[in-house]
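Let me begin by presenting the structure, written as structure tokens, before commenting on it.
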2 protein chains.
Amino acid sequence: MTATSPLAPKAFPALPPIAGLQLATHAAGIRYDERADLFLAVVAHGSTVAGTFTQSLCPSAPVDWCRRILADGDGTARAVVCNSGNANAFTGRAGETAAAHTAELIGEELGIDPDRVYLASTGVIGETLPEDALTTGLPRLVAGLDAANARTWEDAAAAIRTTDTFSKGAAARVEGTAAHIAGIAKGSGMIAPDMATMLAFVFTDLAVAPDILQGALSRSVARSFNRITVDSDTSTSDTVLLFATGEQIDDEIVSVDDDRHDDFQAALDEVMVDLAHQIVRDGEGATKFVEVHVSGAASDEAAEIIAFSIGNSPLVKTALAAADANWGRIVMAVGKAGQAADRDRLAIWIGPEQAARDGVVHPDYSEDRATDHLRQRDVRLHVDVGVGTGESTIWTCDLTHGYIEINAGYRT
Amino acid sequence: MTATSPLAPKAFPALPPIAGLQLATHAAGIRYDERADLFLAVVAHGSTVAGTFTQSLCPSAPVDWCRRILADGDGTARAVVCNSGNANAFTGRAGETAAAHTAELIGEELGIDPDRVYLASTGVIGETLPEDALTTGLPRLVAGLDAANARTWEDAAAAIRTTDTFSKGAAARVEGTAAHIAGIAKGSGMIAPDMATMLAFVFTDLAVAPDILQGALSRSVARSFNRITVDSDTSTSDTVLLFATGEQIDDEIVSVDDDRHDDFQAALDEVMVDLAHQIVRDGEGATKFVEVHVSGAASDEAAEIIAFSIGNSPLVKTALAAADANWGRIVMAVGKAGQAADRDRLAIWIGPEQAARDGVVHPDYSEDRATDHLRQRDVRLHVDVGVGTGESTIWTCDLTHGYIEINAGYRT
């Protein structure tokens, strides 16, 4: 077991109960011994649902399942079940069968339509999900259902972990209401910007119409999970699901013009950005949390591409790990991004220290001051590429021996 | 100093003399003590030239210089001079001046037009080239000119090294002629497919018209340097230059229909692929040379994108380092490539061992046999994505602690 990331929060946060939500976990022995590896959330009848999924063209069976029931359904859901240790990806027909079987078993136990049961799996790819563990484990999982409370939240966040070194949760109150948003996430590698690229399950006890819920989720993903990167790789299983029970406030938000919509969006963004940052803070082997801000680009999209070119560069990330103020590598990463940049107007800041201006080293640049900033746990890079007004901020981590250590031995 | 790569050839090859070519090296103390850091090649009057350069939008001053003289000139050249230790990139006006000054000094010493003097610099970015070292070093460099022979070739290949752990050279005879092609290269990181992405200087004593020479070089780069990757990063300085002296055979090849053209192209490809492979074999921290072959893609271009998605994936590369037959990560890399692939027809081979067929693990798959293959120094992966007839092969290396070690401390 790897030690807890040095960038981890001090403790798992106190998440509020969400009215109309029950949680359960169970140790089914799918891969891990002596820890829960099954997670179940059951939401009240009539709860709405929204989802975003991996952009991978080789998605897992659970992703296929969720996409189908989300597209075919009426926008309501009753449950989500997740197993860790086995991704049920690249498992062909057997994988489809295992996914359907899981939803059917849960449906049977709870007396609900299997097409209202969402699925997620995370772990090793290419191995069939063990049916026995499910057949015996799922009924026991259902038997443990309990109201969402501090203990069940923390247990749930722990049950969905794989290489994560800490459990991830976040919550916010929706301003001006008695409703909350709370959620858990997992992820520590394979985090790239092609979508959520990890698992997150988020719940609110507001009532929100399905299309409004989906709109809010998609906007929020674009501002949070799609702005983080650990190693540029993309999982086959990435899934973000958002459920609205309406059990605290049953007056449904049916329009973005509803007075409460912006407060809901703001609270959702807060939870989602918090979860996304926690995933970067658990980046495999990470010792630094890095914010990359790009300004002066031709467009916000161009700024984001440049920011990710910097944030994904192995040469930049190894320099950060060593607190080496090697800003030449930032120039390299800007250059390879393929987006308009004026080499002779480029400006670079390492934390508060300006390293370069107008395409050359800044006359007052102090490498010592830049290095001092890079020795912190939280690091900021800012690059202005000098051609326009486009801006973007992304978050990443450094690349260390720890990354190699974890990934050269995950399966063994 | 890092130990020589375990993938290095046993010895520097015996390169033939090239008629009309003289070589020189000199230790000017630009960054390295006690080793040559300047390289000069002088070619006979009337020699033709071709070049390809980095796609970086923040290119170094020498790249700007070469592009200009290649575009403005008559297709002939007299010299190339290269320094190692300082890339003269992101150095603004001072960098341009240093580049022009270098060409002028060499032109003066040799009595030739500075616009026929090609330049290359490799090393740290963002520091101005030390003029003093050049002013005193360049005349001494010229004074050391000697015919191309076994010793001068090996000295030349050593003088252009930076983090390289061995000197790189390759040669071939042009079939049916007395002419040869010989060249040297450097590069061990920042090797990505956006162009040559390193330095290579290649020479032949055939006579080849400039446009024919450029066509042959561009084709050859597409088959060699553009098919390799170490870490997906792209240098600001990458340059491949090809000179044809015509001093062995002065009957100029002026058309691709010339009987000798295909033999010339074949010999050039042989030299270029050899040099490209040596660069991968010197990939920073590399312990395995990896060939990735993708077939069954929608087009050759799609196959190449998928092959690079596999070859650049940190998760695939760390698994290879550990000889871990984790083919799920190959599925992940195929999925994120964004090119058409049929998950349910995907087939994967690890060396001769078929791991997957029709989207599931192959019934006869032996992980032990796959692991045995991955324990070799030379590793082959083959993926058929099941949608068409497009194919591509690229070469890469594994990702190890050595990469972190080298790149976290390059400047110190």
Side-chain angles (χ1 to χ4, degrees), chain A residues 54-59 87 89-94 124-127 189-190 192 194 231-236 312-315 318-319 321-322 324 326-329 331-341 343-344 346 356 358-361 399-401 403-404 407-412, chain B residues 54-59 87 89-94 124-127 189-190 192 194 231-236 312-315 318-319 321-322 324 326-329 331-341 343-344 346 356 358-361 399-401 403-404 407-412:
Chain A
T54 181
Q55 296 301 306
S56 171
L57 296 170
C58 297
F90 207 64
T91 42
R93 177 71 59 186
V124 171
I125 296 176
E127 296 179 10
M190 281 212 221
D194 276 329
D231 61 9
S232 82
D233 275 334
T234 299
S235 158
T236 54
N312 277 324
S313 160
L315 286 170
T318 47
D324 177 2
N326 192 337
W327 54 269
R329 294 185 182 175
V331 177
M332 175 281 300
V334 172
K336 77 165 178 164
Q339 298 298 313
R343 181 187 64 192
D344 298 328
L346 210 60
D358 295 334
V360 291
V361 66
L399 174 59
T400 68
H401 287 299
Y403 181 86
I404 310 282
N407 285 300
Y410 176 45
R411 298 200 313 165
T412 52
Chain B
T54 180
Q55 295 301 306
S56 172
L57 296 171
C58 299
F90 207 65
T91 43
R93 177 69 60 187
V124 171
I125 296 176
E127 296 179 9
M190 281 214 219
D194 275 330
D231 61 9
S232 83
D233 276 333
T234 299
S235 159
T236 54
N312 277 324
S313 161
L315 287 170
T318 48
D324 177 2
N326 191 336
W327 54 269
R329 295 184 181 175
V331 177
M332 176 281 300
V334 171
K336 76 164 179 166
Q339 298 298 314
R343 182 188 63 191
D344 298 327
L346 210 60
D358 295 335
V360 291
V361 67
L399 174 59
T400 68
H401 287 298
Y403 181 87
I404 311 282
N407 285 300
Y410 176 45
R411 298 201 313 167
T412 52

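The basis for the numbers below is simple: all heavy atoms, side chains too, and nothing from hydrogens, waters or symmetry mates. Per chain, numbering begins at 1; letters A, B, ... match sequence-line order. Just so you know, these numbers come straight off a predicted model, no measurement behind them.
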*Find the distance between OG1 (A/Thr54) and CE (B/Met332) and round it off to the nearest 0.5 Å.*
10.5 Å
*Could you tell me which residues satisfy side-chain hydrogen bond (donor to acceptor under 3.5 Å, both in side chains) with A/Thr91, sequence neighbours excluded, listed by chain and number?*
A/Asn88
_With chain A as the partner, which of B/Val334, B/Leu399, B/Val361, B/Asp358 has the greatest number of non-hydrogen pairs under 4.5 Å?_
B/Leu399
*Determine the minimum heavy-atom distance between A/Cys58 and B/Leu346, stating which atoms define it.*
SG-CD2, 4.4 Å
*Nearest heavy atoms of B/Phe90 and A/Ala356, plus distance in Å*: CE2-CB, 3.6 Å
